Amino acid sequence: MLSGLPGELVEILEFTRRHNRWRRFETINLIASENLMSPLAESAYMSDMMHRYAEGKPFKRYYQGTRFVDEVESRVQGLMAELLGGGFADVRPISGTTANASVFRVLGACGSKAVIPPVQAGAHVSHTKYGTLGALCIEQVEMPFNMEELNIDVDKAVKLIEDVSPSFVVLGASLYLFPHPVREIAEAAHSVGARLVYDAAHVLGLIVGKRWRNPLDHGADVLTASTHKTFPGPQGGVIVTRDKQLYKKISRAVFPYFVSNHHLHRLPALGVTALEMKYYGEQYADQVVRNAKKLAEALAERGFKVLGEHLGYTKSHQVVLDVRSLGGGAKAAKLLEEANIIVNKNLLPYDPPDAIKDPSGLRLGVQEMTRVGMKEQEMEEIAEFMKKVLIDGEEPAKVAEKVKEFRMNYVEVKYTFPVNTVKDGALLLLY
Ligand SMILES: *Cc1c(COP(=O)(O)O)cnc(C)c1O
């Protein structure tokens with residue numbers, strides 16, 4: 001079919017096809033920041049909106065031709081706010097980082113200070129002087145961390161906030177097993193006139209599914225998030241706050257400071273996902289946290305060093321392993337990839353920051369495998385595959401074949417509406 005076409009064209013299509021097959025059907029994906037959209041959301045994503053511009057806000061655009069985009073965007077704003085218990089949502093940030101940039105720009109002037117979680121304990125690059133904070137010339141002050149509790153050290157953090165008197169404080173992280181102490185930190189921040197930003201990039205789906213406390217109910221002034229981690233939507237960002245004045249200021253920063261076109265084809269897909277979460281989100285989030293706990297237990301039983309044993313291992317979608325005795329994070333992650341198990345190496349809270357190339361840990365997330373229907377039993381099987389590769393020293397290529405066979409049984413996305421996108425004609429590409 002592709003004969004007679006330029007070789008580069010055939011290659012690009014072929015690599016894409018191989019990627020799709022491998023990552024979608026042949027691998028166990030445990031990257032904690034990824035997920036899958038349903039076929040319904042994917043079909044909504046593939047719309048003509050991907051070609052269009054709509055600068056500005058719904059019904060107040062700088063472009064013509066946006067009447068249906070306006071209808072979709074305003075509904076999606078309403079849904080995202082509703083899922084978080086009310087308030088105002090801006091769905092234009094094209095990533096969690098863009099959402100953070102917009103909020104940080106409003107809350108902190110150049111030269112001001114922000115108190116953030118420490119990097120080894122999971123601060124995102126956008127929280128740091130190397131990333132967005134640095135770009136905005138806001139000074140990064142790290143919160144003290146309690147290694148025993150694997151959480152923010154509340155008493156020391158409160159004292160630090162009182163001493164530093166920052167413009168804003170950030171909670172939420174990328175390596176995230178246990179909920180941060182929102183109420184106490186919010187009180188400390190407010191007592192010095194600072195705002196509290198809760199970065200829910202990783203846990204948005206768990207919050208919406210009511211298996212993680214909603215920070216807006218506990219004193220956070222504004223929530224930022226990615227829409228594609230535990231929240232299984234298109235890649236993008238969102239900002240939600242219940243403070244109308246703050247919302248207005250932040251919206252004026254999203255556009256025109258950080259976004260011109262906001263990649264409109266995300267919006268229908270985000271709307272579909274928001275509705276999936278409204279109707280199936282609790283069931284999904286419940287299974288995610290059960291699966292994470294089960295995977296942690298199953299790995300510990302098989303001899304892995306799993307962080308947080310005395311705390312019940314995890315309350316989120318993540319499981320964190322210390323694999324120093326197995327050759328370190330870089331080697332372990334590579335071996336697992338050869339066995340068709342995709343994970344990422346990660347700094348552990350006690351690693352020096354410069355260990356970034358070969359950190360001690362692996363970070364695993366079960367949300368995507370939960371989305372395709374895996375439950376506790378399957379977590380046992382995943383733990384067994386990992387043991388074969390990393391502890392028993394079996395040939396990764398051999399395990400890869402077994403992983404492929406196993407994964408082939410879980411290809412259908414669950415927790416969505418019973419619509420067959422092909423048969424029921426929901427495919428929206430109707431030119
Ligand atoms: C992933 C992440 C973000 C944003 O990531 P994007 O890739 O820009 O969506 C922000 N904060 C935290 C804590 C994250 O883990």
Side-chain angles (χ1 to χ4, degrees), residues 29-35 37 80 89-105 107 114-136 138 140 142-143 145 150-152 168-180 182 185 196-207 212 215 220 222-240 250 253-254 257-259 262-263 266 269-270 273 314 316-320 343-349 356 359 361 363-365 367-368:
N29 189 34
L30 299 175
I31 301 281
S33 58
E34 296 179 353
N35 217 319
M37 281 193 273
M80 292 307 289
D90 197 316
V91 294
R92 293 173 303 168
I94 57 167
S95 68
T97 300
T98 315
N100 278 345
S102 309
V103 171
F104 297 170
R105 176 66 178 73
L107 297 183
V115 171
I116 62 158
V119 172
Q120 303 97 295
H124 186 248
V125 64
S126 63
H127 302 169
T128 71
K129 61 181 174 220
Y130 308 106
T132 310
L133 273 192
L136 296 170
I138 297 168
Q140 158 200 350
E142 286 193 357
M143 243 178 258
F145 196 75
L150 294 173
N151 210 328
I152 307 293
F168 63 94
V169 177
V170 181
L171 288 177
S174 301
L175 187 81
Y176 207 8
L177 296 168
F178 304 104
H180 286 164
V182 180
I185 300 295
L196 177 62
V197 182
Y198 190 97
D199 183 339
H202 266 270
V203 291
L204 182 63
L206 304 182
I207 294 171
W212 192 269
V222 52
L223 174 149
T224 61
S226 305
T227 52
H228 51 268
K229 295 184 180 178
T230 53
F231 190 92
Q235 292 194 336
V238 63
I239 301 167
V240 179
I250 292 169
V254 173
Y257 282 150
F258 296 103
V259 173
H262 53 290
H263 301 184
R266 293 184 303 112
L270 184 56
T273 311
T314 179
S316 73
H317 58 303
Q318 296 186 7
V319 174
V320 180
V343 306
N344 66 277
K345 60 183 185 222
N346 219 96
L347 281 178
L348 297 182
I356 192 100
R363 183 186 67 168
L364 319 175
Q367 68 294 334
E368 183 170 330

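From a predicted model like this one, the values you see are computed outputs, not experimental measurements. Atoms within a ligand are numbered from 1 in the order they appear, just like the ligands themselves.
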Checklist line | Residues in ring pair (Phe, Tyr, Trp, His ring centres under 6.0 Å) contact with Phe104, at least two apart in sequence or another chain | finding: Phe168
Check: Between the side chains of His127 and Asp199, is a donor N or O closer than 3.5 angstrom to an acceptor N or O?
Finding: yes
Notebook entry, point to check: For residues Thr132 and Asn100, is any side-chain donor paired with an opposing acceptor at under 3.5 Å?
Noted result: no
Item checked: side-chain hydrogen bond (donor to acceptor under 3.5 Å, both in side chains) against His228, all qualifying residues, sequence neighbours excluded -> none
Note to self: Using the salt bridge (Lys or Arg N to Asp or Glu O under 4.0 Å) criterion, which residues pair with Glu34? Sequence neighbours excluded.
What the structure shows: Arg23
Check: Hey, which residues fall under 4.0 Å of ligand 1 on heavy atoms?
Finding: Ser95, Gly96, Thr97, Asn100, His124, Ala173, Ser174, Asp199, Ala201, His202, Ser226, His228, Lys229
Item checked: Closest non-hydrogen atom pair between Leu150 and Pro349, with its separation -> CD2-CG, 4.1 Å
